[in-house]
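Data block below; observations after.
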Amino acid sequence: MDNATKNEYLPDHAVAPGELLDYELELRGMTRAELAKRTGLSEKHVIAIVKGKGTTIITPETAIKLERTLGMPVDYWLNLEANYQETRARLAEQVRLEKDLGWLDQIPIREMAKLGWIEKRKDKRFQLDELLRFFGIANVAQWKEVWPRLAVAYRQHNKHEIFPEAVSAWLRQGEIEAGRIDCRKYDKKNFRSALDQIRSITTVPEPEAFIPELQEQCAGAGVAVVFVPGLPKTGLSGATRWLKPGKALIQLSLRDKTNDHLWFTFFHEAAHILLHGKKELFLEGTSGMDEDREAEANAFAADLLIPSRAWRRFIERADFSLQSIQNFAEHVEIAPGIVIGRLQHEGQLPHTHGNKLKIRYEWA
């Protein structure tokens, strides 16, 4: 029997300590009245324990009396009582869970299990329990308390069907992974300086080479950066929020396959940290975000990657041959693919032109 199967076993009823006490009395030929005399408990109290009635439980004081009278250790009785109360509570919880099983249909369980975030369970009740543990909440009702704005962020005019519950699962995994990153207390000046250092590694082609440097630079300024594979029904490329006043989180999905998209997304998210409030949650890919702040973050990312003055001069020359693009990229010390991406975005180049200069990522 594997661990998952063991964990899914739950008795269908709780065995009260009184049942075993009654059995022990029968073995000894001792009546309940005699036990009451020997322990100093009232006969009514003994009967209540034996029959498991009301709120009568075996307390440490009662367990000591039973130990002296019957010769069975205190731990035996206390463990019986603790197991009984736990099993009763879990059985009652299983009944409550039955009412929320429909919530499972909103969660991409199979994909989360494949990524190792949760275990796949055969019993839906245990699967729901597994998810509640993953989210760090006691019941489904608390999901709305922890993630109150997700439903608002996804309006009806999104191009694709979006499940806020799936988005929250992706965000939660980001929280978990960010918790493993040791960050200094956030310092705005240090973070802005770190972004200049990070810009210099945008020409590095291999993620395994630039990601550790990116994470180290940001962590030194109080920002955790995590790469979390996207889930179905989310449509996100990135997210930014504050985990606590001194620690911010930039979370990137592996949706971006080319260097122009990835680096623009990263610096866009960084702009939210530098320029906008600590109580905000910014999701890239939704249609419910503040347009002014999104425009401000876009402008910051564009100007940091390619200085505006140099960009204007390049556009004015109107020479967008591949050689000219490569020369300009070398001049401003940026990857040619990032220049291609911006030209395409601004309509200076068709989206079919120059893509061979982009670096394509194969995410593990």
Side-chain angles (χ1 to χ4, degrees), residues 146-150 152-153 167-168 170-202 207 210-228 230 234-256 259-308 334 338 341-342:
V146 179
W147 311 98
R149 295 183 58 235
L150 289 185
V152 176
V167 175
S168 67
W170 182 74
L171 291 172
R172 174 58 176 163
Q173 183 63 24
E175 280 184 359
I176 293 170
E177 295 189 19
R180 304 185 188 119
I181 298 178
D182 186 19
C183 291
R184 292 185 179 180
K185 187 176 180 180
Y186 175 72
D187 184 286
K188 185 174 183 178
K189 182 178 178 181
N190 287 346
F191 184 53
R192 181 61 186 84
S193 177
L195 294 180
D196 289 330
Q197 296 297 318
I198 292 167
R199 182 187 183 277
S200 67
I201 64 173
T202 57
F210 68 71
I211 286 178
E213 176 69 14
L214 168 65
Q215 291 178 318
E216 183 178 352
Q217 290 283 351
C218 289
V223 179
V225 178
V226 297
F227 290 76
V228 181
T234 57
L236 292 175
S237 56
T240 305
R241 59 197 161 123
W242 289 82
L243 300 177
K244 55 185 179 181
K247 185 176 183 179
L249 167 62
I250 292 177
Q251 184 171 340
L252 301 171
S253 72
L254 307 185
R255 187 183 180 190
D256 296 321
N259 60 337
D260 59 319
H261 287 120
L262 174 70
W263 287 113
F264 186 86
T265 299
F266 167 75
F267 286 111
H268 176 101
E269 302 303 330
H272 285 313
I273 293 173
L274 284 171
L275 306 175
H276 304 139
K278 291 188 175 183
K279 294 183 179 180
E280 300 294 328
L281 166 64
F282 296 95
L283 300 172
E284 309 312 326
T286 72
S287 59
M289 295 291 99
D290 185 297
E291 292 183 2
D292 290 338
R293 291 185 178 184
E294 289 302 296
E296 192 174 15
N298 284 341
F300 176 90
D303 291 345
L304 193 148
L305 283 167
I306 306 176
S308 57
I334 204 76
I338 295 175
R342 183 162 176 181

For the pair [X] (side chain) and [Y] (backbone), establish whether a donor and an acceptor sit closer than 3.5 Å, ignoring hydrogens and angles.
X	Y	result
Arg255	Gly235	yes
Lys278	Pro245	yes
Gln251	Trp170	yes
Arg199	Leu304	yes

Which heavy atom in [X] sits nearest to a heavy atom in [Y], and how many Å separate them?
X	Y	value
Phe210	Ile201	O-CD1, 3.7 Å
Ala224	Lys247	CB-CE, 3.9 Å
Pro207	Pro212	O-CD, 4.0 Å
Ala178	Val226	N-CG1, 3.8 Å

Completion exercise
Value for CZ (Phe227) from CD (Glu177), rounded to nearest 0.5 Å, stands at 11.0 Å
Handout entry: Rounded distance (nearest 0.5 Å) linking atom NZ of Lys244 with atom SG of Cys183
Key = 8.5 Å
Exercise for the section: Indicate the ring-plane relationship of His276 and Phe282, choosing parallel, tilted or perpendicular according to the 30° and 60° boundaries. Expected result: tilted
Problem - Parallel, tilted or perpendicular: ring planes of Phe264 versus His268, cut at 30 and 60 degrees - result: tilted
Handout entry: Check: His272/Glu294 side-chain N/O donor and acceptor closer than 3.5 Å
Key = yes
Problem - Val228, Leu236, Thr265 screened by side-chain contact (heavy atoms from CB on, under 4.5 Å) with Leu252, the one that passes - result: Thr265
